[in-house]
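I have placed the structure first, in the form of structure tokens, so that the comments after it can refer back to it.
When reading the values below, keep in mind they use all heavy atoms of this one structure, side chains included, and skip hydrogens, waters and symmetry mates.
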Amino acid sequence: MESTWEESCLKAITDDVSHMESLGLESNLDTASMDSLFYYSRGIERQKIDTPVLVLIHGYPQTSFMWRHIISHIPKDIPLFIPDIPGYGRSMPLPGPHDKRSTGQKILQVLSFILNSGIKQNLIIAGHDRGARICHRLAVDAGDDSRFRILGTILMDIVPTLHQWRAFSDPPGSVGSFHWPFLANVKLATSMINAQGGDVFTEKLLSRWTGASETGALKLRENNAFEVYAKSFKYKSVVEASCDDYRAGAEEDIKLQADDQKAEKKIKIDVLVLYSADYLGRRYDIKEVWKEWMGDGQLEVKGFGDGVGHFIAEETPVKTAAAITDFYKSFHVLPNN
């Protein structure tokens with residue numbers, strides 16, 4: 001990383017933190033620089049060991065604030081851990097590459113330190129966009145973790161990284177995903193984005209990927225969300241780390257996925273894929289694509305139509321939260337439910 005992480009990013013603007021805390025979440029805002037990972041949580045230090053912690057991981061170009069609409073629709077009995085991906089938002093970049101295994105392990109390392117139970121904790125992991133790619137990696141590696149038992153994963157609006165790169169032979173699809181090869185050229189992309197302004201670039205991408213539904217678009221913009229995301233990308237370290245995320249997607253991540261497929265190392269836990277029928281669903285047969293990556297686990301797919309775009313957790317939060325909750329309940333019966 002050539003850009004220096006600026007501690008001022010933690011408290012330069014805190015309206016988003018105040019809003020999330022008003023929803024019943026706690027944050028580590030005062031200790032995030034020491035923890036090196038910023039996160040919100042709910043009930044994770046009081047949960048029983050057999051009660052799964054639900055981990056929610058955001059995508060690009062966003063922060064953990066993207067889950068704000070989901071929180072109030074998730075039963076309060078479900079313990080939550082909601083980090084900013086390393087290098088994004090208020091979290092420090094990693095000292096090395098931002099491949100999905102490294103970023104995922106950093107998130108689990110911090111969660112393990114917080115729980116400090118010494119016993120394998122049950123987890124259900126959910127992610128959108130880049131966060132979903134972290135979840136995919138963790139799901140494949142699930143059997144190798146001595147700290148956690150990952151029961152299932154929810155992947156929002158993605159196909160496997162290797163499959164998406166191979167789809168660049170389709171010209172219209174390549175135009176729509178122009179940012180993949182662009183951002184993967186870390187030095188060039190970082191320089192060009194910073195020259196324009198990371199905030200300006202971010203707002204353009206957010207608008208580009210918003211669906212046609214007027215209701216969904218308004219919901220996405222609520223609570224000054226575009227401003228929250230845009231201002232986080234004014235920091236050069238965030239721009240560079242997020243570009244390195246995409247670089248890893250073109251190098252380490254797809255090499256691992258290719259090796260996995262060759263070795264028949266598939267996902268052995270249950271998977272729920274949520275997607276926008278008008279966005280990702282137009283390009284891929286989602287169920288057929290993911291079937292090729294499944295082992296013993298059960299696969300369920302659910303598409304959202306009616307003009308919902310890429311940001312399904314914000315454009316259609318009630319339906320998204322219901323799907324998340326139902327998936328969670330398939331592993332753990334909640335009290336009074």
Determine whether a donor-acceptor pair (N or O, by modelled atom type, separation under 3.5 Å) exists between the side chain of K236 and the backbone of G198. no

Atom NZ of residue position K120 - does it have more than 12 heavy atoms of other residues, nucleotides or ligands inside 6.0 Å?
yes

So, Q261 versus E292: side-chain donor-acceptor pair below 3.5 Å or not?
-> no

For the backbone of K187 and the side chain of S191, can you confirm whether one donor and one acceptor N or O come within less than 3.5 Å of each other?
no

Could you tell me how the ring of H179 sits relative to the ring of Y246: parallel (under 30°), tilted (30 to 60°) or perpendicular (over 60°)?
-> perpendicular

*Could you walk me through whether D141 and K265 pass the salt bridge (charged side-chain N to carboxylate O under 4.0 Å, His left out) check?*
CA-CA 9 Å; D141 293 343; K265 187 178 180 181; 3.6 Å; yes

Between R137 and the options D99, D253, D144, D260, the salt bridge (Lys or Arg N to Asp or Glu O under 4.0 Å) test singles out D260

Residue pairs passing the ring pair (Phe, Tyr, Trp, His ring centres under 6.0 Å) test with at least one member in residues 216-244, sequence neighbours excluded, are Y60-F233

- Query: Can S27 and E21 be counted as having a side-chain donor-acceptor contact under 3.5 angstrom?
  - Reply: yes

Rounded to the nearest 0.5 Å, the CD1 atom of I124 sits from the CG atom of D270 at a distance of 9.5 Å

Review point. With a 3.5 Å cut-off and no angle check, do the side chains of T161 and R133 form a donor-acceptor pair?
Key: yes

Exercise. Crowded around Q196 CD? As in, over 12 foreign heavy atoms under 6.0 Å?
Worked result: yes

Polar side chain donor-acceptor pair, S177 to R283, under 3.5 angstrom | yes

Practice prompt. State, without any angle test, whether H310 and D129 hold a side-chain donor-acceptor pair at a distance under 3.5 Å.
Written response: yes

- Query: Counting only N and O atoms by type, is there a donor-acceptor contact under 3.5 Å from the side chain of D84 to the main-chain atoms of S64?
  - Reply: yes

Note: S112 and R147 closest approach over all heavy atoms is OG-CD, 3.7 Å

Take the angle between the ring planes of W180 and F168 and call it parallel below 30°, perpendicular above 60°, tilted in between. tilted

**Study point:** Test item: Q121 side-chain N/O and T51 main-chain N/O as donor-acceptor pair under 3.5 Å
**Key:** yes

Checklist line | K266 NZ: over 12 foreign heavy atoms closer than 6.0 Å | finding: yes

Value for CD1 (I57) from CD1 (I82), rounded to nearest 0.5 Å, stands at 11.0 Å

- [ ] Kindly assign one of parallel, tilted or perpendicular to the pair F81 and Y39, based on the angle between their ring planes and the thresholds 30° and 60°.
- [x] tilted

Look at the side chain of N185 and the backbone N and O of L188, then say whether any donor-acceptor pair between them is shorter than 3.5 Å. no

